[in-house]
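Side-chain atoms are counted along with the backbone in the values below, which use heavy atoms only and exclude waters and symmetry mates. Since the model is a prediction, treat every value here as computed from it, not as a measurement.
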Amino acid sequence: MKKELIILSGFLGSGKTTILLSLLAKNVGKKIAVIVNDFGQTAVDATILEKEQVREKIYEIGGGSVFCSCLSETLVKTLFAIAKEDFDLVILEASGMSDPSIINSMLSLAKLDRYFKHSLTLCTFDAIKSLKLAKVLLVIERQLVSANIVILTKADKYPEEELNIAIKFIQEKEPAVPIIKSYNGEFSLDNISCRFDLPYFSMGLNKPDNRLDSFELEEVSYTLDELLQKFQDNNILRVKGYIKTSDGIWFISDTGTDFYKEKSTEIKVPLTIICMQGTANYIKKSLSYNGGCYERSIKSNF
């Protein structure tokens, strides 16, 4: 019997990990493998899943999109390894810049369709952040094109007016795709008619020459509030991970309109910063210099 494969796509910070946790809770009793694909070199989301005491087997793939030629071979090898194991369901949480439209082509070319049935692609969409960046990043539209269902996340946090604007945008781009809302990460697929007549793509948008910049930051000499102020730069698309500031160690994750922050006792994984292509050096300087002090803990992985 083929293993079921669910793809979880959606832009950076749109709530994929929260939806993943809810998806796992809905499939209790099944033997599940989770592939976590982080855009940064360090698998931050895998660390979060461990913190949430997720017991499913986790496979980590970092350093870009698994649908890019630079990592597609790694995904294929991972799926072949999973094919040998006794799993019922495989959930792939794709990186925020992933174009999952070529998944069926990949499975066919690698002959993995003998072992896996791609049953569903869920796309998370943040009514504020995803909508804003969809105007400049084509990959968000491709994520919508490839989705059987779109989940409008954080519906409990945004005004109804903002949610309706996002729904209108999605419907203008993809009139046939069902849209459901999630509240506090909870959602229901009951009585939802999935869209299955998806276009077939042999080539995706993810290529080494158009990938975003990313780097890691472990420590700064100033306060958390000062750091968060520096993160207001529009070229910064995503921050997530742990960092040491002058007032402690913190876990930080941008939420689309604000920052979630939590005090910690250790740096489990460095803070990953993802930014527009060609802006990393400029952003490094803006983050690193404070009263002439250069933070040598910055690491680059783009």
Note to self: Run F67 and N37 through side-chain contact (heavy atoms from CB on, under 4.5 Å) and show every step you take.
What the structure shows: CA-CA 10 Å; F67 299 108; N37 171 214; 5.6 Å; no

Closest non-hydrogen contact found for A127 with L163 is CB-CD2, 3.9 Å

Parallel, tilted or perpendicular for F259 and F231, by the 30°/60° rule? tilted

* Do side-chain atoms of Q143 reach the backbone of G96 as a donor and acceptor pair under 3.5 angstrom? -> yes

Checking D113, N148, N104 against H118 for side-chain hydrogen bond (donor to acceptor under 3.5 Å, both in side chains), the one that qualifies is N104

Scanning both residues in full, the closest heavy-atom pair of C123 with G10 reads SG-CA, 4.3 Å

ask   = Where do I82 and F116 land on the side-chain contact (heavy atoms from CB on, under 4.5 Å) test, with the steps shown first?
value = CA-CA 10 Å; I82 292 174; F116 298 94; 4.2 Å; yes

Contacts satisfying salt bridge (charged side-chain N to carboxylate O under 4.0 Å, His left out) that involve residues 144-157 (not counting sequence neighbours) are D126-K154

d(I58 CD1, I35 CD1) to nearest 0.5 Å is 11.5 Å

Residue pairs passing the salt bridge (charged side-chain N to carboxylate O under 4.0 Å, His left out) test with at least one member in residues 135-153, sequence neighbours excluded, are D99-R142, E141-K173

Residues L152 and A166: closest non-hydrogen pair is CD1-CB, 3.9 Å

K244 meets the side chain to side chain contact (heavy atoms under 4.5 Å, CB included) criterion, sequence neighbours left out, with E219, I249, I267

- Query: Same hydrophobic cluster for L144 and F196, using side-chain heavy-atom links shorter than 4.5 Å among ILVMFWY?
  - Reply: no

- Message: Pair D254, K240 - check salt bridge (Lys or Arg N to Asp or Glu O under 4.0 Å), show working.
- Response: CA-CA 7 Å; D254 64 286; K240 193 173 187 179; over 6 Å; no

| said: I'd like to know if E85 and K57 make a salt bridge, using a cut-off of under 4.0 Å between side-chain N and carboxylate O. | reply: no

Quick note, side-chain hydrogen bond (donor to acceptor under 3.5 Å, both in side chains) partners involving residues 73-83, not counting sequence neighbours, are E73-K77

Distance col, row I165:CD1 vs L131:CG, nearest 0.5 angstrom, shows 7.5 Å

Side chain to side chain contact (heavy atoms under 4.5 Å, CB included) filter on S188, not counting sequence neighbours, yields D190

All heavy atoms of K230 vs all of S286, minimum pair found to be NZ-O, 3.2 Å

Do S72 and M106 come within less than 4.5 Å of each other through their side chains, counting heavy atoms only?
yes

S65 and N206 have their tightest heavy-atom pair at OG-OD1, 2.8 Å

Contacts satisfying side-chain hydrogen bond (donor to acceptor under 3.5 Å, both in side chains) that involve residues 160-171 (not counting sequence neighbours) are E160-K181

Taking every heavy atom of L198 against every heavy atom of A147, the minimum-distance pair comes out as CD2-O, 3.6 Å

Next item on the list: Report the C-alpha separation of W250 and E262 in whole Å, then their side-chain angles, then the decisive distance to 0.1 Å, and conclude whether the side-chain contact (heavy atoms from CB on, under 4.5 Å) test is met.
Entry: CA-CA 6 Å; W250 302 86; E262 180 181 326; 5.9 Å; no

